[in-house]
Visitor: 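Once you've had a glance at the structure underneath, I'll fire off some questions.
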2 protein chains.
Amino acid sequence: MNIGEAAQGSGVTAKMIRYYESIGLLPGVKRNQNGYRAYDAQDVHRLRFVRRARDFGFSMDQIETLLGLWAQKRPSQEVKALALAHVRELDEKIEHLTELRNTLKHLASCCHGDARPECPILEDLSGRKA
Amino acid sequence: MNIGEAAQGSGVTAKMIRYYESIGLLPGVKRNQNGYRAYDAQDVHRLRFVRRARDFGFSMDQIETLLGLWAQKRPSQEVKALALAHVRELDEKIEHLTELRNTLKHLASCCHGDARPECPILEDLSGRKA
DNA sequence: GATAGACCTTCCCATCATGGTAAGGTCAAG
DNA sequence: CTTGACCTTACCATGATGGGAAGGTCTATC
């Protein structure tokens, strides 16, 4: 299977497949006589794994670790720890964004929203309170 | 006031001040005879404005607009609309991250977390369900 | 007045994941 | 044999930021 088919089958663009290979995230695959990369079902499976992990927001480093754990059939302990660490990261991001959102929404609710030039949002941004 | 002092007074690094100037977000400031950029209190005020807006997660484009509205003392209507649009963006991001987090946490809770190689997290990532 | 150290200038490079493009080789169908 | 779709490598761009080099300037101290 050529790279295009592998890309379509995995949802990872050919461009990114080559990139992942170049940074060592994925092993180099066999080449045909013409130099084309040759993928098999197992390779596509691994690509889909990476794709899913990216969708989950795992970092490339984390994905590298997950791939290793997956390939080596290592204890689920480590995987669980990694997943929970990522959950904590997500929690932090969510909390941060929620704070921003609430502050901004509060400012907006204080804003007349009419044609008057006074605007609590701009006043806050300009540092009157900061 | 030189760029270093402006940086310290605004919380924007000298590097970024020059960058903002280079992309046209900030106007070029006067130069001293020696070529050094010369900032006044108003400039620092604007820098602090940008800094706050970045902290709020506004994009550079949005900040450009906000700066314009601020400078021109335009109706608060537009500012409010911009802020509410950003609130919606934040809501979407938060929702997306929360979904990820919940899925991941669910998978982790299904994971034995012991030494067994079976791991629902890896199984999900590998696409068994997808 | 010389020297040191802190500051400024511009310019270039690197990040990270991704996309685009160009120049050239290969293959399959008509 | 040509056409078009595919592959290869290699380079450039993104956006916000940091790092650093090479060189000019200012200030304080000796």
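Throughout, a chain's letter reflects where its sequence line sits, starting with A, and its residues are numbered from 1. Note that the structure is a prediction, hence the values are computed from the model and not measured.
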Visitor: Would you jot down, in residue-number order, the residues of residues 10-20 of chain A having a non-hydrogen atom under 4.0 Å from DNA chain C?
Guide: A:T13, A:K15, A:M16, A:Y19, A:Y20

Visitor: Given atom CD of B:Q62 and atom C1' of D:dG15, what is their separation to the nearest angstrom?
Guide: 15 Å

Visitor: Look only at the side chain of B:Q62 and the backbone of B:S59, and say whether a donor-acceptor pair between them is shorter than 3.5 Å.
Guide: yes

Visitor: Would you mind reporting whether A:M1 and A:D40 have side-chain heavy atoms less than 4.5 Å apart?
Guide: no

Visitor: According to the interplanar angle, ranging from 0 to 90°, do the rings of B:H45 and B:W70 count as parallel (below 30°), tilted (30 to 60°) or perpendicular (above 60°)?
Guide: perpendicular

Visitor: Do A:D43 and A:R46 meet the salt-bridge criterion of a basic N to acidic O distance under 4.0 Å?
Guide: yes

Visitor: Applying the 4.5 Å side-chain criterion to the ILVMFWY set and letting contacts propagate, would B:L82 and A:L97 be lumped into a single cluster?
Guide: yes

Visitor: What I'd like to find out is whether the side chain of B:N102 reaches to under 4.5 Å of the side chain of B:K105, using heavy atoms alone.
Guide: no

Visitor: Between A:L26 (CG) and C:dA17 (P), how many Å, whole number?
Guide: 13 Å

Visitor: If the helix axis at each end comes from five base pairs, how far does the helix from C:dG1-D:dC30 to C:dG30-D:dC1 deviate from straight, to 10°?
Guide: 30°

Visitor: Is there a donor-acceptor contact under 3.5 Å from the side chain of A:N32 to the main chain of A:N34?
Guide: no

Visitor: Enumerate all atom pairs, one protein N or O and one N or O from nucleotides 27-30 of chain C, separated by less than 3.5 Å.
Guide:
| from | atom 1 | to | atom 2 | distance (Å) |
| --- | --- | --- | --- | --- |
| C:dC27 | OP1 | A:N34 | ND2 | 3.3 |

Visitor: Please state how far atom CZ in A:R31 lies from atom C1' in C:dG25, giving the value in whole angstrom units.
Guide: 13 Å

Visitor: Answer whether the closest heavy-atom distance between the side chains of B:L26 and B:L47 falls below 4.5 Å.
Guide: yes

Visitor: Closest to the A:I3 side chain: C:dT18, D:dC7, C:dT10?
Guide: D:dC7

Visitor: Given C:dC7, is OP1 or OP2 found less than 4.0 Å from the side-chain N or O atoms of B:R37?
Guide: no

Visitor: Out of C:dT9, D:dT17, D:dC7, which has the shortest distance to the side chain of A:N2?
Guide: D:dC7

Visitor: How about B:F56 and B:H86: are their ring centroids closer than 6.0 Å?
Guide: no

Visitor: Any non-hydrogen side-chain atom of A:R18 less than 4.5 Å from a side-chain atom of A:R37?
Guide: yes

Visitor: Tell me the interatomic distance from A:M60, atom CE, to C:dT15, atom P, rounded to whole angstroms.
Guide: 14 Å

Visitor: Can you measure A:E5 atom CD to D:dC6 atom P for me and round it to whole angstrom units?
Guide: 11 Å

Visitor: Is a donor on one side and an acceptor on the other found under 3.5 Å between the side chain of B:Q8 and the backbone of B:E5?
Guide: no

Visitor: What is the distance, rounded to the nearest whole Å, between atom CD of B:E21 and atom C1' of C:dC8?
Guide: 13 Å

